[in-house]
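Here's the structure we're looking at; comments come further down.
Here is the naming used below: chain letters follow the sequence lines, and residue numbers restart at 1 for every chain.
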Number of protein chains: 2
Amino acid sequence: MVAQRSTATARRESIRQAAGKRFAVSGLHGVSVDTIAREVGISEAYIFRLFGSKRALFIDVVVTACDELTAGMATASEGLSGADALTAMGHAYVALLADQQRLLLPMQGYAACADPIIRQAMQEAFGRLWSTAARASGSAAADVKQFVALGMLTNTLAALDVDHADANWAHAARAFIPFA
Amino acid sequence: MVAQRSTATARRESIRQAAGKRFAVSGLHGVSVDTIAREVGISEAYIFRLFGSKRALFIDVVVTACDELTAGMATASEGLSGADALTAMGHAYVALLADQQRLLLPMQGYAACADPIIRQAMQEAFGRLWSTAARASGSAAADVKQFVALGMLTNTLAALDVDHADANWAHAARAFIPFA
DNA sequence: ATTAGTTGTGAGTACCCACTCACACAAGGA
DNA sequence: TCCTTGTGTGAGTGGGTACTCACAACTAAT
């Protein structure tokens, strides 16, 4: 019973899509490989053939999400510097942020850092993000840290689903979001 | 074979200790109730008797950690207001932060927010933290958000174990920490 | 048509998990 | 002495989990 043949490359991509969606909300240990396989419409065994292990798939997906954020910010700040660059990156961040998955995946990556191999990968990805922000903005280290900190707060608010929460603090938190 | 009798209250407390330690690094799904039970030196069954479910234990431990942070900040800022209050709370945060567990537990709570019951509890705990910061500092909403954002960044850096990382961005990140 | 390479799976294996329940042991009061 | 109350567990149950492997089916080139 073979529904539809595909190339390994294309399969890998649909697996990444489904895995990203699931890992983002449930984390590494909150979803089984079989669940992801069913969503893609293939067998569990084939995921292991294509990615080797659940951990490898997780790292692939999470690091990609981080690097997309980094790349988006680098593009946005091209030709700018200092506060202008940070503002531009902030806008880029907000634009990417419409897709909550991109915020939740890094957070699930941080949460899974008990595993040394995942931690190593996350340190590198976070380092690229930080360095990109630092390079673009010039030398104002304090601004960079505030910028990255706002990003982390945004991740947290996404996890808390503050958009659908109704409380005083939630309104206050939402109000800040377009952080330029 | 009964090693040592104890009161339920005391048992609950040692379970919270062990569970906090494990949940902090591995998250809700990264550790089994049996592992925690062995660490305490009791049977798995007794944990379920005392806490009802793994989720209830997780919420208990994580929300307690959040509220300890909140309480610490409230105490530190007593009698102060505005920037002074935020500075005092920052110092209090740094003091509590020596125990990384207290930072990692909230983050594991955010990461587990796919579960609506956990999300509800985390929203409330986060709301108390935010409101406390807001009340203490007066009305400068922007400052409050920056303050909370730095806290979130600190959580992330703890997860990444930046203290033991050796890279340019890691040095820069560490440099900021005593954020007054 | 045969071969060789790639895509894909069914059926495991060996173990782990949250949770339950009937029951045991201890201690104080009547 | 019995009885109640609270502390504690052994032995499950039913289902899940990551991962493996022998093998099938399709495709393209010779």
Side-chain angles (χ1 to χ4, degrees), chain A residues 1-20 22-23 25-62 108 111-112 114-118 121, chain B residues 1-23 25-62 108-109 111-112 114-118 121:
Chain A
M1 190 244 287
V2 175
Q4 187 74 18
R5 264 322 185 68
S6 176
T7 64
T9 311
R11 277 297 187 219
R12 253 184 265 261
E13 201 44 46
S14 11
I15 293 168
R16 279 193 197 94
Q17 292 279 333
R22 296 292 191 156
F23 282 144
V25 303
S26 301
L28 171 61
H29 300 295
V31 61
S32 72
V33 177
D34 190 54
T35 302
I36 296 166
R38 281 169 197 278
E39 195 151 314
V40 178
I42 58 173
S43 72
E44 196 189 0
Y46 198 35
I47 291 189
F48 283 98
R49 158 154 300 181
L50 290 179
F51 287 90
S53 70
K54 189 190 191 185
R55 177 169 67 186
L57 173 59
F58 182 78
I59 292 176
D60 184 308
V61 163
V62 171
Q108 295 294 354
D115 180 312
I117 298 185
I118 295 177
Chain B
M1 190 243 285
V2 175
Q4 187 74 18
R5 266 321 183 69
S6 176
T7 64
T9 310
R11 278 297 187 220
R12 255 183 262 262
E13 202 43 48
S14 10
I15 293 168
R16 279 193 196 95
Q17 292 279 335
K21 199 170 126 191
R22 295 292 191 158
F23 282 144
V25 303
S26 302
L28 171 60
H29 300 295
V31 62
S32 72
V33 177
D34 190 54
T35 302
I36 296 166
R38 281 169 197 278
E39 195 152 313
V40 179
I42 58 173
S43 72
E44 194 189 1
Y46 198 36
I47 290 189
F48 283 97
R49 159 153 300 182
L50 291 179
F51 286 89
S53 70
K54 188 190 192 185
R55 177 169 66 185
L57 173 59
F58 181 78
I59 292 177
D60 183 307
V61 163
V62 171
Q108 295 294 354
D115 181 311
I117 299 184
I118 295 177

For DNA chain C, determine which residues of residues 14-23 of chain B have any heavy atom closer than 4.0 angstrom to one of its atoms, and list them numerically. none
Separation of B/Leu28 CG from B/Ile118 CD1 (nearest 0.5 Å): 5.0 Å
Difference in axis direction between the ends of the helix from C/dA1-D/dT30 to C/dA30-D/dT1, five pairs, 10°: 20°
Find the distance A/Ile47:CD1 to C/dG8:P and express it as a whole number of Å. 12 Å
Which value, rounded to the nearest 0.5 Å, describes the distance between A/Asp34 atom CG and A/Arg38 atom CZ? 4.5 Å
Starting at atom CZ of B/Arg11, determine the distance to atom P of D/dT7, rounded to an integer number of angstrom. 10 Å
Answer yes or no: side-chain N or O of A/Arg5 and base N or O of D/dA25 forming a donor-acceptor pair under 3.5 Å. yes
Can you measure B/Arg12 atom CZ to D/dG6 atom C1' for me and round it to whole angstrom units? 12 Å
Want to settle it: does B/Ala45 or B/Ala8 sit nearer the 5' end of DNA chain D, counting the closest nucleotide to each? B/Ala8
Contact list please: residues 52-62 of chain B against DNA chain D, heavy atoms, distance less than 4.0 Å, in numerical order. none
First encountered from the 5' end of DNA chain D, between B/Leu50 and A/Arg49: B/Leu50
Shortest non-hydrogen contact from B/Ala111 to A/Ala111? CB-CB, 3.8 Å
In Å, rounded to the nearest 0.5 Å, how long is the span from CD1 of A/Ile117 to CZ of A/Phe58? 13.5 Å
Which heavy atom of B/Ile36 sits nearest to which heavy atom of B/Ala18, and what is that distance? CG2-CB, 4.1 Å
Check the distance between D/dT17's C1' and A/Leu28's CG and give it to me in whole angstrom. 12 Å
What distance do B/Ser26 atom OG and B/Gln108 atom CD have between them, rounded to the nearest 0.5 Å? 7.5 Å
To the nearest 0.5 angstrom, please state how far the CG atom of B/Leu50 sits from the CD atom of B/Glu13. 12.0 Å
Measure the distance from OH on B/Tyr46 to P on D/dG8 and round it to the nearest whole Å. 4 Å
State which residues pass salt bridge (charged side-chain N to carboxylate O under 4.0 Å, His left out) with A/Arg12; sequence neighbours excluded, sorted by chain then number. none
Between B/Phe51 and B/Arg16, is there a side-chain heavy-atom distance shorter than 4.5 Å? yes
Heavy-atom closest pair, residues B/Val61 and B/Ala19: CG2-CB, 4.1 Å
Student check: side-chain heavy atoms of A/Val33 and A/Phe48 closer than 4.5 Å: yes
For the pair made of CZ in A/Phe48 and C1' in D/dT20, what is the distance, rounded to whole Å? 10 Å
Under the side chain to side chain donor-acceptor pair (under 3.5 Å) rule, what pairs show up with a residue in residues 46-58 of chain A, not counting sequence neighbours? A/Arg55-A/Asp115
So, with a heavy-atom separation below 4.0 Å from DNA chain D, the residues of residues 30-44 of chain B are B/Ile42, B/Ser43
Could you pull out the closest heavy-atom pair between A/Thr35 and A/Ser32, with the gap in Å? OG1-OG, 2.9 Å
Rounded to the nearest 0.5 Å, how far does CD1 of B/Ile47 lie from CD1 of B/Ile42? 4.5 Å
